[in-house]
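Following: one structure in structure tokens, then a few remarks.
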Amino acid sequence: MATTADTAEHGPLAGVRVVELAGIGPGPFAAMLLADLGADVVRVDRPGGPSLGIDPAHDVTNRNKRSVVVDLKAPDGPARVLDLAARADVLIEGNRPGVAERLGVGPDACHARNPRLVYGRMTGWGQDGPLAQRAGHDIAYIAVTGTLGMIGAPGTAPPAPANLLGDYAGGSLYLVVGVLAALHHARATGTGQVVDAAIVDGTAHLSAMIHGMLSAGGWQDRRAANLLDGGCPYYGTYATADGGHMAVGALEPRFYEEFLRLLGLDGFDDARTDPTRWSELREAVAAGFASRTRDEWTAVFEGTDACVAPVLSLTEAPHHPHLAARGTFTHHGGITQPAPAPRFTATPTAVRDGPARPGADTAAVARDWDVPRLAEPREPQLPDPHRKASP
């Protein structure tokens, strides 16, 4: 694993130290993004801690990080984490509100050791509100924000859009934006603060443009009735003869004209701005795409401005000529994975190391961060005398 000195050559966040209290989902992804950008991220794993249910060697959200194992319920556990927090710029945790405080590593305890610390909190519902203490997952968070209700065909249940919209777009990315903004403030003033990143807040914020259109009368509050939600026949997906799909986004007039020409449709020039003809246009477009395979249509639209692309699978995507030319995906440690993003001219980023193995870097982190207690033998957790024995 890389040391702090090694990471100085990789990314704009070189020299920034981040402590990540292990969790799953948006917290680890946010920490991975910071690590990709060059930060020295130390993940504090629990003994037998949480995982995705896969071999840790394949969990790429832990790439470019280092790992130590700390039992926060052990007598000396909180002190070990506070030693790290005292030397860190950022700490990220994703527990329910109040849990970090009960474990002895909440914001007050950390700021007592390090007033400049940016303390990032990642939750679904936020640190307060009626649902703050309730369990949840991506799909529930995006459901109450109205964003899930925008997706899918009318008359059918909204589909589950993986966990990209809530966990990672509305959660991780907003946490990273907040952390970086607070880090800028801390460096300017010497004062750290708490960043409350809630998936419900971030996901709602993503729909800002739609709310503006709704207020202006340019968006109907129902599915598949609008320009960008599948209601428009020249912005959507269509099946091909071989069971594949093509994605169409020919919104502007000249793109729409090119689209019609290449698809071989005549008599629909005025249908673009005439919703009364959209059903007829949709049927014609669907019939056109159904007449050839996905690869055949890909060849037809290749190199044009018709704004049409094949819908690729996860395993197909890295081989797309454009993505391959840009290196959008990379192969590291036997795993094909997305390369770090965005890109920088002066401080390029890279996948430097594979997924951190729990506890594998304890000695190195203790040395590099000057936290000798971290490498000392762990004090055993004393049995709780009030706990009843299992039957």
Side-chain angles (χ1 to χ4, degrees), residues 139 141-162 164-166 169-170 202-313:
I139 197 163
Y141 308 138
I142 67 174
V144 301
T145 65
T147 50
L148 179 60
M150 293 167 47
I151 304 170
T156 63
L164 303 179
L165 176 56
T203 306
H205 193 262
L206 289 170
S207 65
M209 183 191 77
I210 304 300
H211 278 276
M213 296 174 69
L214 183 66
S215 176
W219 189 276
Q220 300 182 58
D221 196 12
R222 55 191 180 92
R223 281 184 284 150
N226 301 285
L227 191 65
L228 303 174
D229 65 355
C232 172
Y234 45 92
Y235 194 92
T237 57
Y238 291 91
T240 56
D242 57 345
H245 292 84
M246 299 295 289
V248 178
L251 293 175
E252 289 80 5
R254 65 187 183 92
F255 302 153
Y256 176 77
E257 293 172 6
E258 182 83 339
F259 167 63
L260 292 183
R261 182 182 68 80
L262 292 170
L263 194 61
L265 296 184
D266 296 320
F268 288 99
D269 292 352
D270 63 343
R272 176 180 167 275
T273 56
D274 184 2
T276 65
R277 298 196 63 194
W278 279 8
S279 293
E280 177 189 2
L281 175 58
R282 187 185 309 280
E283 291 179 4
V285 171
F289 277 119
S291 67
R292 299 189 192 183
T293 67
R294 188 191 68 178
D295 288 348
E296 288 173 332
W297 281 120
T298 299
V300 169
F301 288 100
E302 183 71 25
T304 74
D305 278 343
C307 300
V308 176
V311 178
L312 303 183
S313 70

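These values consider heavy atoms only, across backbone and side chains, with no hydrogens, waters or symmetry-generated copies.
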Taking only residues two or more places apart in sequence, or in another chain, which ones meet Tyr256 in a ring pair (Phe, Tyr, Trp, His ring centres under 6.0 Å)?
Tyr234
Taken in chain and number order and not counting sequence neighbours, the residues that satisfy ring pair (Phe, Tyr, Trp, His ring centres under 6.0 Å) with Phe289 are Tyr238, Trp297
Would you sort out whether Met150 and Trp219 count as a side-chain contact (heavy atoms from CB on, under 4.5 Å), showing the intermediate values?
CA-CA 11 Å; Met150 293 167 47; Trp219 189 276; 4.1 Å; yes
Inter-residue atom distance [X].[atom1] - [Y].[atom2], 0.5 Å rounding:
X: Leu251; Y: Leu227; atom1: CG; atom2: CG; answer: 5.0 Å
X: His211; Y: Asp221; atom1: NE2; atom2: CG; answer: 8.5 Å
X: His245; Y: Thr240; atom1: NE2; atom2: OG1; answer: 7.0 Å

Quick one, Leu228 with Met209, criterion side-chain contact (heavy atoms from CB on, under 4.5 Å). Give me CA distance, side-chain angles, the key distance, then yes/no.
CA-CA 12 Å; Leu228 303 174; Met209 183 191 77; 3.9 Å; yes
Hey, does [Y] have a side-chain heavy atom less than 4.5 Å from the side chain of [X]?
X: Val248; Y: Phe259; value: yes
X: Leu262; Y: Thr304; value: yes
X: Arg222; Y: Pro154; value: no
X: Val300; Y: Arg292; value: yes

How far apart are the closest heavy atoms of [X] and [Y], and which atoms are they?
X: Ala241; Y: Ser291; answer: CB-C, 4.2 Å
X: Leu148; Y: Pro159; answer: CD1-O, 3.3 Å
X: Leu281; Y: Pro233; answer: CD2-CG, 3.6 Å
X: Ile142; Y: Pro161; answer: CD1-CG, 3.8 Å
X: Phe255; Y: Ala250; answer: O-CB, 3.8 Å
X: Ala160; Y: Ile139; answer: CB-CD1, 3.8 Å

Are more than 12 heavy atoms from other residues, nucleotides or ligands located less than 6.0 Å from atom CG of Asp295?
yes
Would the number of heavy atoms belonging to other residues, nucleotides or ligands and lying under 6.0 Å from CD of Glu296 be above 12?
yes
Not counting sequence neighbours, which residues clear salt bridge (Lys or Arg N to Asp or Glu O under 4.0 Å) with Asp270? List them please.
Arg277
Under 4.0 Å between a side-chain nitrogen and a carboxylate oxygen: does that hold for Glu257 and Arg254?
no
Taking it one step at a time, do Trp278 and Cys232 satisfy side-chain contact (heavy atoms from CB on, under 4.5 Å)?
CA-CA 7 Å; Trp278 279 8; Cys232 172; 4.0 Å; yes
Tell me whether [X] contacts the main-chain N or O of [Y] through its side chain, where contact means a donor paired with an acceptor under 3.5 Å.
X: Asp274; Y: Thr276; answer: yes
X: Ser215; Y: Gly212; answer: no
X: Arg294; Y: Val311; answer: yes
X: Asn226; Y: Gln220; answer: yes

Report the C-alpha separation of Leu165 and Ile151 in whole Å, then their side-chain angles, then the decisive distance to 0.1 Å, and conclude whether the side-chain contact (heavy atoms from CB on, under 4.5 Å) test is met.
CA-CA 11 Å; Leu165 176 56; Ile151 304 170; 4.2 Å; yes
